[in-house]
Amino acid sequence: LYECCRKENDMEKKENFLRRTAGLLALLMALSLFAVGCGEKPTEPDEPDADTQPKPTDIVLVEPDAPEVPVDFETAQKTWPDVYAYMKIPGASNMAIREGNFLVQRPGDDDYYLYRDLDGKDNKAGSMYTQASLNKPDMSDPVTVIYGHNMGNGTMFADIPNYENEEYFMNHSYGWLTTENDVRLIDFFAVARTSDTSGLYLAAPNFNEWDNRLRNCASIYKEVEVTESDHLLMLSTCTSAEGNSRTILVGKIIEESDVE
């Protein structure tokens, strides 16, 4: 009898142990399921606002660096009397005005510097110049046309056709114009192909007609505020070695007091 009772007690203990073990395992499984997500879901990170994210096609304008050491015009004009301004487009590939260069004008001989350097010596590259019959050297005309060659070695104005690439245009769309009296910012806003006989070269153009003509032939026209009271620069170079096709880069002169 004693042996029978002992066996029954042992069986009861085993059953109690198994029940406790099963309960513990069930509790552990429930906790593990909660930890992997069956309980409260973790907070999702906020999605960025699609409207504020940069798009692959967005192009950020490069802000202009401040002009560097002022130009010594007094010394320059003793050597080159026809010098009246100095222009620089930072970063422009190999152009004469990448590091800066002088502008000249010879009254009575509009194309004197077409094939002459600043010293007046024969040079196929010529100089950057304006025509006295077309423009005053104080940049007060509605449009001042600056001429320069499209050289095969990439110098002078050979870089201007590269502005027809939108990314290049936006990365090099500012320049500096220095005169004896001030430093002004140039905000380039258009590049176009035209001919040397087009109305864009008129000495006293009607502004609205001129602007419409520019828009019609421009491959890039950056929307900036331009009015008939503004003063514009038009850099002009040959599109190729032959013919009268021209590539022009047009910018707005911004007075020093307006440069933030």
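How far CG of L233 is from CE of M87: 6.5 Å, rounded to the nearest 0.5 Å. To the nearest 0.5 Å, atoms CD1 (I160) and CG (L249) are separated by 5.5 Å. Separating the CG atom in L235 from the CD1 atom in I248 is a distance of 10.0 Å, to the nearest 0.5 Å. Between atom CD of residue Q131 and atom CG of residue D109 there is a gap of 10.0 Å, rounded to the nearest 0.5 Å. In this structure, OG on S173 lies 3.5 Å from NZ on K222, to the nearest 0.5 angstrom. Here the CG atom belonging to L214 is positioned 9.0 Å from the CZ atom belonging to F207, to the nearest 0.5 angstrom.
Judged by distance alone, the side chains of Y113 and D82 do bring a donor and an acceptor atom under 3.5 Å apart. Checked by atom type, the side-chain pair Y84/D138 shows no donor-acceptor distance below 3.5 Å. Checked by atom type, the side-chain pair T179/N181 shows no donor-acceptor distance below 3.5 Å. Between T247 and T237, the side chains place no donor N or O within less than 3.5 Å of an acceptor N or O (distance only, hydrogens not considered). Checking Y221 against D211 by side-chain atom types alone, a donor-acceptor pair falls below 3.5 Å.
Under a hydrophobic clustering in which Ile, Leu, Val, Met, Phe, Trp and Tyr are joined whenever their side-chain heavy atoms come within less than 4.5 Å, directly or via other members, L202 and V145 fall into different clusters.
Heavy-atom contacts from other residues, nucleotides or ligands closer than 6.0 Å to CD of E228 number 12 or fewer. Shown here is E74, whose CD atom has no more than 12 heavy atoms of other residues, nucleotides or ligands within 6.0 Å.
The aromatic rings of Y115 and H149 sit parallel, their planes meeting at an angle under 30°, below the 60° perpendicular limit.
The residues R215 and E223 are annotated as salt-bridged, a charged nitrogen and a carboxylate oxygen being separated by less than 4.0 angstrom. The existence of a salt bridge linking E225 and K252 is excluded, since no basic side-chain nitrogen approaches an acidic carboxylate oxygen closer than 4.0 Å.
For D230 (side chain) and T227 (main-chain N/O), a donor-acceptor pair under 3.5 Å exists by modelled atom type. Between the N153 side chain and the T155 main chain, a donor and an acceptor come within less than 3.5 Å of each other. A distance-only check finds no donor-acceptor pair linking the side chain of D111 to the backbone of L114 [under 3.5 Å]. Of the possible donor and acceptor atoms, one in the side chain of D110 sits under 3.5 Å from a partner among the backbone N and O of A132. Listed for the W176 side chain is no donor-acceptor partner under 3.5 Å among the backbone atoms of L185. When atom types are taken as modelled, the side chain of N135 and the backbone of V143 share a donor-acceptor pair closer than 3.5 angstrom.
Nearest heavy-atom pair across H231 and D141 is ND1-O, 3.3 Å. Between R246 and C238, the closest heavy-atom pair is NH1-SG, 3.8 Å. Among all heavy-atom pairs drawn from F102 and A76, the shortest one is CZ-CB, 3.6 Å. Across all their heavy atoms, F157 and Y147 have their closest contact at CE1-C, 3.7 Å. Summarising the geometry of C217 relative to A192, their closest heavy-atom pair is O-CB, 3.4 Å, with the distance given to 0.1 Å. Here the closest non-hydrogen pair linking S127 and R116 is OG-O, 2.8 Å.
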Could you walk me through whether Y129 and Y112 pass side-chain contact (heavy atoms from CB on, under 4.5 Å), step by step? CA-CA 9 Å; Y129 70 96; Y112 178 83; over 6 Å; no
Derivation of the side-chain contact (heavy atoms from CB on, under 4.5 Å) call for Y201 and L134: CA-CA 9 Å; Y201 288 87; L134 181 67; 5.7 Å; no
Between M234 and T194, does a side-chain contact (heavy atoms from CB on, under 4.5 Å) hold up when you go through it step by step? CA-CA 12 Å; M234 188 171 88; T194 185; over 6 Å; no
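Contact of the T79 side chain with the L118 side chain is not registered, since no non-hydrogen atoms from C-beta on lie closer than 4.5 Å. Side-chain contact check for W210 versus P142: every heavy-atom pair is 4.5 Å or farther apart. With contacts defined as side-chain heavy-atom distances shorter than 4.5 Å, the pair T178/K88 does not qualify. Put simply, the side chain of D187 reaches to within 4.5 Å of the side chain of Y174, judged on heavy atoms.
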